[in-house]
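This report concerns only the one structure given below.
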There are 2 protein chains.
Amino acid sequence: MVAITIKDVAALAGVSVATASRVLSGSPATSPEARASVVAAAARLDYRPNAQARALRSTHTESIGLLVSDVRNPFFADLAHTVEQAALAAGYVTLLGNANERKEQQDRYLDTLISRRVDGIVLAPLGDGSGSIRSLIQRKIPTVFVDRTVDGVDVPSVTTDSETGIRQAVEHLAAAGHTRIGYISGPQAISTGRDRFAAFTRAVAEFGLSQDPELVYFGDFQAASGSLGVHALLELRQPPTALLAADSPMAVGAIAILHKRGMRIGRDVALIAFDDIEWFALLDPALSVISHSVEEMGRIAVKMLLEVIGGGTPESVVLPSELIIRASSAMPLAGAAGATGAPASVSPASVSPEFVSPAAGQSLRKN
Amino acid sequence: MVAITIKDVAALAGVSVATASRVLSGSPATSPEARASVVAAAARLDYRPNAQARALRSTHTESIGLLVSDVRNPFFADLAHTVEQAALAAGYVTLLGNANERKEQQDRYLDTLISRRVDGIVLAPLGDGSGSIRSLIQRKIPTVFVDRTVDGVDVPSVTTDSETGIRQAVEHLAAAGHTRIGYISGPQAISTGRDRFAAFTRAVAEFGLSQDPELVYFGDFQAASGSLGVHALLELRQPPTALLAADSPMAVGAIAILHKRGMRIGRDVALIAFDDIEWFALLDPALSVISHSVEEMGRIAVKMLLEVIGGGTPESVVLPSELIIRASSAMPLAGAAGATGAPASVSPASVSPEFVSPAAGQSLRKN
DNA sequence: CGTTTCCATGGAAACGATTCCACGGGATGC
DNA sequence: GCATCCCGTGGAATCGTTTCCATGGAAACG
């Protein structure tokens with residue numbers, strides 16, 4: 001770790017450090033000769049400016065922080081990817097942190113991002129406005145929330161309107177004759193967990209389905225709780241005939257346990273997941289999902305953050321969600337009144353043909 | 001962004017900055033009274049030390065960099081997670097970068113990590129030893145390679161022994177009567193791409209299977225190329241009866257295109273993927289995989305990096321891989337000589353859906 | 001030709017922390 | 001009771017860079 005400093009460059013180039021600095025940071029007040037020799041010297045020594053020192057003096061770092069709540073959740077992995085690409089295009093490098101759905105870790109990362117003086121932060125927040133989130137606001141560090149919000153904290157955000165998609169899903173299940181829908185909810189400490197649960201509650205009431213509180217299992221947005229949720233719901237005296245999972249990892253956990261119990265998805269039980277993940281369409285039966293655009297969310301979040309950094313105060317954006325019906329929920333409930341009843345007129349938002357076509361519907365052997 | 005510095009804390013506490021610094025960094029040479037008042041002042045002002053300034057003076061930052069080649073690849077997402085947890089346990093915070101399988105992005109991230117003076121770097125390298133990797137070595141920045149290596153660059157690494165798993169997979173397919181295995185390879189510019197391809201070539205020769213070079217498609221480890229690969233392989237005059245994908249995203253791409261073409265995995269064509277991803281077992285048929293432990297890889301990588309930071313020179317570690325047989329490859333090739341291993345010279349071209357017997361095993365119909 | 005303007009340059013201050021060094025006073029040793 | 005040691009403390013140097021300010025020489029102008 002032998003350090004090569006700007007002094008070495010200046011010495012080799014035969015100029016002062018001030019001139020070397022000017023050349024290296026592209027100040028116009030330099031002569032061609034100085035420029036040439038400094039550039040040559042820097043290249044020859046493979047000089048890398050010390051970002052700490054640079055950031056200490058000037059107050060921007062050309063970097064942003066992105067703190068997601070779980071990298072292993074494909075939704076956030078995709079989000080990380082799009083945010084990073086968008087930021088790169090704008091000349092910023094993205095430091096990615098993983099809160100792992102834990103408040104202490106979120107606080108810890110937030111602290112390091114703050115003390116590393118990133119120019120701005122894109123955050124999928126967790127918990128309430130206490131702890132490091134409060135500091136973030138007080139310090140007026142440019143921040144935008146993504147996917148989630150925090151009550152009482154006034155920060156521009158990009159979120160999804162869960163209401164529409166969930167309403168469509170419930171409507172669709174009701175039309176297929178389901179009256180008892182099991183809901184695997186996210187935690188109520190997270191805005192998306194609350195919003196989606198509220199939307200579900202309203203939809204169930206609206207379509208006259210069972211409001212039995214036992215039909216709701218509160219998970220933590222991670223896979224294991226999806227398994228536990230299915231387990232609990234299927235043990236009920238009157239188990240649900242359809243399941244709705246509030247995010248994709250919980251859906252994965254749900255599918256795993258359904259397999260293990262020998263339940264056939266799409267026949268013995270319908271399943272719909274919030275979040276559209278590439279390979280959900282590859283499952284057999286393909287999984288019906290409530291889809292929303294990660295790419296757009298990431299792109300807009302970066303755009304908004306740049307606005308905040310530039311001193312603006314952008315309006316929050318709410319992106320739409322929509323139901324995509326595939327085979328996991330396409331079949332009417334066996335023996336249900338629904339097949340003959342009025343709800344048959346319900347027309348779902350969108351059906352992607354390739355996933356419910358006879359080709360995909362052909363029988364595949366299962367192990 | 002009003003800055004609260006240690007000066008403010010010292011002033012409020014009524015001590016000098018030197019004393020404040022000592023208290024805040026836990027130096028023993030402080031009096032209880034000083035400690036109390038400084039801590040109180042810091043809390044009251046919500047003081048966060050400026051990491052830049054701190055790192056400028058002391059030469060360590062308590063942070064490591066982790067540069068993965070593709071966050072959206074679940075293998076790397078999992079790796080990121082385990083590395084991050086292991087590092088956190090050791091008191092380091094992890095800055096995650098995503099090279100997106102592109103050398104320029106890798107160089108760019110490496111540069112920023114270097115100039116931010118991380119204490120060490122865990123890198124899944126890309127390309128040859130040129131560019132920023134060279135700088136890394138020259139500067140003697142503690143580094144360990146993970147998953148991949150770079151020829152001619154002497155850095156401790158944690159990798160997987162692809163040979164065993166791939167040999168098992170080929171043996172297994174040969175035993176099932178397959179003679180033409182299509183291989184969807186990774187790029188030859190990446191060590192794992194080369195190693196796995198070489199292992200495949202050797203295994204195919206060893207078991208007397210077709211060495212037709214047309215049976216190999218060179219992809220780029222990303223999903224789209226898996227689709228292209230399947231497409232190309234199935235268009236051959238003599239298409240393969242089994243497919244082996246060198247990583248999981250390409251396997252996903254492969255599955256998608258197989259579905260679209262109406263090919264039934266496990267019956268019309270066998271499929272095995274390198275990398276075990278949680279939900280591969282949830283597919284129907286469940287996917288046979290060559291498995292290796294991400295958790296261990298991440299844990300060991302961090303342990304080795306800490307050793308290097310501490311001045312040691314740990315030995316490189318090679319982790320085992322093993323075949324896990326599931327339904328996607330479990331069925332013997334119809335009309336083949338059988339599972340005894342003697343590969344008969346049955347023309348694979350004769351295999352088409354019509355000839356596949358309704359099958360042993362509990363065949364489940366799908367909706 | 002003399003004065004002003006311009007501009008590349010170097011010296012030095014500043015950023016916010018850590019840390020070396022010197023100092024003073026209380027406790028200790030003889 | 002005097003010299004020594006220890007220890008908490010403050011002043012100041014330091015890390016590597018940017019940037020303000022002064023300088024001096026060349027160009028431009030009258």
Side-chain angles (χ1 to χ4, degrees), chain A residues 1-39 41-42 45-63 111-112 114-119 139 141, chain B residues 1-39 41-42 45-63 111-112 114-119 139 141:
Chain A
M1 290 266 274
V2 262
I4 293 169
T5 76
I6 200 171
K7 253 183 232 165
D8 304 316
V9 175
L12 181 60
V15 298
S16 72
V17 292
T19 303
S21 169
R22 271 185 283 258
V23 169
L24 294 170
S25 53
S27 154
T30 50
S31 68
E33 307 88 65
R35 255 193 306 269
S37 61
V38 169
V39 168
L45 296 174
D46 191 28
Y47 165 74
R48 306 291 155 109
N50 182 325
Q52 326 285 349
R54 179 182 290 215
L56 185 57
R57 193 58 234 260
S58 34
T59 35
H60 50 298
T61 56
E62 262 71 55
S63 62
D111 281 356
T112 59
I114 293 175
S115 69
R116 288 188 165 252
R117 303 293 193 265
V118 291
D119 294 345
R139 273 156 221 272
I141 294 171
Chain B
M1 291 261 276
V2 262
I4 293 168
T5 76
I6 199 171
K7 251 183 236 166
D8 305 316
V9 175
L12 181 60
V15 299
S16 71
V17 291
T19 302
S21 169
R22 272 186 284 258
V23 169
L24 294 170
S25 53
S27 156
T30 51
S31 67
E33 309 87 65
R35 255 193 306 269
S37 63
V38 169
V39 167
L45 295 173
D46 191 27
Y47 166 73
R48 306 292 156 110
N50 181 325
Q52 328 284 350
R54 181 187 293 226
L56 186 56
R57 192 57 230 265
S58 36
T59 37
H60 45 77
T61 56
E62 263 72 56
S63 62
D111 281 357
T112 59
I114 292 176
S115 69
R116 289 189 165 253
R117 302 292 192 264
V118 291
D119 294 344
R139 272 156 220 273
I141 294 173

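The chains referred to below are lettered A, B, ... by the order of the sequence lines, with proteins before strands, and numbering in each begins at 1.
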query = Pick from B:L24, B:L12, B:D8: which one makes a side chain to side chain contact (heavy atoms under 4.5 Å, CB included) with B:Y47?
reply = B:L24

query = Where each residue is assigned the nucleotide of DNA chain D containing its nearest heavy atom, which of B:T19 and B:L56 is assigned the position nearer the 5′ end?
reply = B:T19

inquiry  = Both B:A18 and B:A53 contact DNA chain D. Taking the nearest nucleotide for each, which residue is further toward the 5' end?
reply    = B:A18

Atom pair distance, as rounded to whole Å: [atom1] in [X] and [atom2] in [N]:
{"X": "B:R54", "N": "C:dT19", "atom1": "CZ", "atom2": "C1'", "result": "13 Å"}
{"X": "A:R22", "N": "D:dC21", "atom1": "CZ", "atom2": "P", "result": "13 Å"}
{"X": "A:E33", "N": "C:dT9", "atom1": "CD", "atom2": "C1'", "result": "12 Å"}
{"X": "A:H60", "N": "D:dT17", "atom1": "NE2", "atom2": "C1'", "result": "13 Å"}
{"X": "B:R117", "N": "D:dT17", "atom1": "CZ", "atom2": "P", "result": "7 Å"}
{"X": "B:I6", "N": "C:dA17", "atom1": "CD1", "atom2": "C1'", "result": "6 Å"}

ask   = Of all heavy-atom pairs between A:H60 and A:D119, which one has the smallest distance, and what is that distance?
value = CA-OD1, 3.3 Å

query = Does any nucleotide pair with D:dG11 by Watson-Crick or G-U wobble geometry, both distances under 3.5 Å, and what is it?
reply = C:dC20

message = Could you identify the nucleotide paired to D:dC29, looking across every strand shown and requiring Watson-Crick or G-U wobble geometry with both distances under 3.5 Å?
response = C:dG2

Base, sugar-phosphate alone, or nothing: which one does [X] contact when heavy atoms must sit under 4.0 Å apart?
{"X": "B:A55", "result": "nothing"}
{"X": "A:A34", "result": "sugar-phosphate"}
{"X": "B:S31", "result": "sugar-phosphate"}

key: Whether A:S58 side chain and A:A55 backbone form a donor-acceptor pair below 3.5 Å   = no

ask   = Ignoring hydrogens and geometry, is there a side-chain-to-backbone donor-acceptor pair from A:S21 to A:V17 under 3.5 Å?
value = no

Side-chain heavy-atom pair A:T112, B:E62 within 4.5 angstrom cut-off = no

Hey, does the side chain of [X] come within less than 4.0 Å of [N]'s phosphate (OP1/OP2), counting only N and O?
{"X": "A:T30", "N": "C:dA8", "result": "no"}
{"X": "B:T5", "N": "C:dG16", "result": "no"}
{"X": "A:R57", "N": "D:dT19", "result": "no"}
{"X": "B:S21", "N": "C:dT18", "result": "yes"}

